[in-house]
2 protein chains.
Amino acid sequence: MQTAKIHNKGEKTRAGIVECAGRLFYEHGYEGTSFSDIVEASGLFRGNIYHYFKTKDEILRAVIEAHLEVYRGMLAKWDAENDDAKIRMIAFVDMITGRKAELVEFGCPIGSLNTELAKDRRDLQQAASALFDLFRDWLTDCFKQLGKGAESESLALHLLGRAQGVAVISHVYRDAKLLRHETKTLRDWISQL
Amino acid sequence: MQTAKIHNKGEKTRAGIVECAGRLFYEHGYEGTSFSDIVEASGLFRGNIYHYFKTKDEILRAVIEAHLEVYRGMLAKWDAENDDAKIRMIAFVDMITGRKAELVEFGCPIGSLNTELAKDRRDLQQAASALFDLFRDWLTDCFKQLGKGAESESLALHLLGRAQGVAVISHVYRDAKLLRHETKTLRDWISQL
DNA sequence: ATTATTATTGGACGATTGTCCAATAAATGG
DNA sequence: CCATTTATTGGACAATCGTCCAATAATAAT
């Protein structure tokens, strides 16, 4: 076989850059990550990276796209596994608990990115807010399925905000126990809807 | 009279730097504000600022101290005006609503600062977390006064987290209406404690 | 009035930032 | 096998970053 994907190697290099940059952006922030940092971490040369991305901003946009893809897959899996909206929303909360180590150390990847970009890079923040939109719309569907009608989006944003609050406080105090306690509160709130 | 405060003029210059830097840090973030930005905004010369602060970090520490002072005064005023803990906590939420324009545009001054510093400047974040501590301890006292005993600190952190969530979501979507709706939810929660 | 301390002026410093580009190597298409 | 596109190498670039410092002015102490 081996019709061979065109530019196969190039796409692998590109994906490697995105993965590498994504991790650095998450752990040190976007501005906190220099181009040289990406060069070092990826093991590539400056010029090689610039062959795939003309600017650092473009790398971030690719990172956001990649994250969108990951989260879309995650939501699709939850949708496939359960048709009870409550259980799906609990899965959302369980994701938070499951990633508590990273959340406590680096904060919410979506929230902290948006918060950083909202200050001085609104053009990029607009792209990053698509990550919030994804969850907002998915949660809105869940609430609609629970018969919440017109309130659904409002409730979705409430839950999203609660999740952000949990992430911020747990991160600031680097307290996994606090995160556990607050997610439990969140699960209770969902159960008694 | 005129025993004259020593170094009076110097202290005014110093206070001007702190105020100026504080506003810039809030609006553009700490790393997003360069030393030259502070120079321009304050109308002073580089060397003059360095006469008062040896590093940019020191300016931030002074800004944090100044904010602590402001918030301490605010809490003391609330304590003096009301001895009902619920009403005092409502005053806390009303502060959020009262500053909704800035919150929507620039986010929570305490939360966004801590979130930024937590990524790569943990030494500074430790100083900034004192701002959270101030409200946490004050809210804890409120809950204790409501007879919540050992749960009080946990509840204080819950409320603090809720407030952070409101700020993050409203900021990301730059939506004052959302902030209004969510603070109403917060007031309701306090009322029915 | 003279000294000592504090404040201001204004420029310079090396290090790091994101970006760019010509030269070379590798892979693909005819 | 040759031609052409794609990928990699490796360094250079101006601009900006935080920091530093000698010279001068102003104020306070004796």
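Within every chain, numbering begins at 1; the chains are lettered A, B, ... in the order of the sequence lines, protein sequences first and strands thereafter. This is a predicted model, so every value here is computed, not measured.
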Taking side-chain hydrogen bond (donor to acceptor under 3.5 Å, both in side chains) as the cut-off, I'd like each qualifying pair that reaches into residues 158-176 of chain A, sequence neighbours left out, listed once. A/His158-A/Arg162, A/His158-B/Glu182, A/Tyr173-B/Asp133

Taking [atom1] from [X] and [atom2] from [N], how many angstroms apart are they, rounded to a whole number?
X        : N      : atom1 : atom2 : answer
A/Glu58  : C/dT19 : CD    : C1'   : 12 Å
B/Phe35  : D/dC17 : CZ    : P     : 12 Å
A/Ile38  : C/dG18 : CD1   : C1'   : 10 Å
A/Leu124 : C/dG18 : CG    : C1'   : 14 Å
A/Asp120 : D/dC17 : CG    : C1'   : 15 Å
A/Asp57  : C/dC20 : CG    : P     : 12 Å
A/Tyr52  : D/dT9  : OH    : C1'   : 13 Å
A/Leu60  : C/dG18 : CG    : P     : 13 Å

Measuring to OP1 and OP2 of C/dA7, would you say a side-chain N or O of B/His51 lies under 4.0 angstrom away? yes

So do the side chains of B/Arg187 and B/Thr97 get within less than 4.5 Å of each other, counting heavy atoms only? yes

Does the side chain of B/Leu124 reach to within under 4.5 Å of the side chain of B/Leu113, using non-hydrogen atoms? no

Looking at A/Lys86, I want to see if its NZ is surrounded by more than 12 non-hydrogen atoms of other residues, nucleotides or ligands under 6.0 Å. yes

Can you tell me if CD on A/Glu58 sees more than 12 non-hydrogen neighbours from other groups inside 6.0 Å? yes

Near DNA chain C, under 4.0 Å by heavy atom, which residues of residues 13-34 of chain A? A/Thr33, A/Ser34

Classify A/Tyr50 by what it touches in the nucleic acid, base, sugar-phosphate, or nothing, heavy-atom distance under 4.0 Å. base

Atom pairs under 3.5 Å, N or O on each side, protein against nucleotides 10-14 of chain C: can you list them with distances?
unit_1: C/dG10; atom_1: O6; unit_2: B/Gly47; atom_2: N; d: 3.1

Could you tell me which residues satisfy salt bridge (Lys or Arg N to Asp or Glu O under 4.0 Å) with B/Asp79, sequence neighbours excluded, listed by chain and number? B/Arg88

Taking for A/Lys54 and for B/Ile49 the nucleotide of DNA chain C with the nearest heavy atom, the one nearer the 5' end belongs to B/Ile49

Main-chain N/O of B/Gly29 paired with B/Glu116 side-chain donor or acceptor, under 3.5 Å: no

Scan for ring pair (Phe, Tyr, Trp, His ring centres under 6.0 Å) pairs involving residues 82-103 of chain A, sequence neighbours excluded, and state none if there are none. A/Phe92-A/Phe135

Only counting residues at least two apart or in another chain, list the ones meeting side chain to side chain contact (heavy atoms under 4.5 Å, CB included) with A/Ser154. B/His181

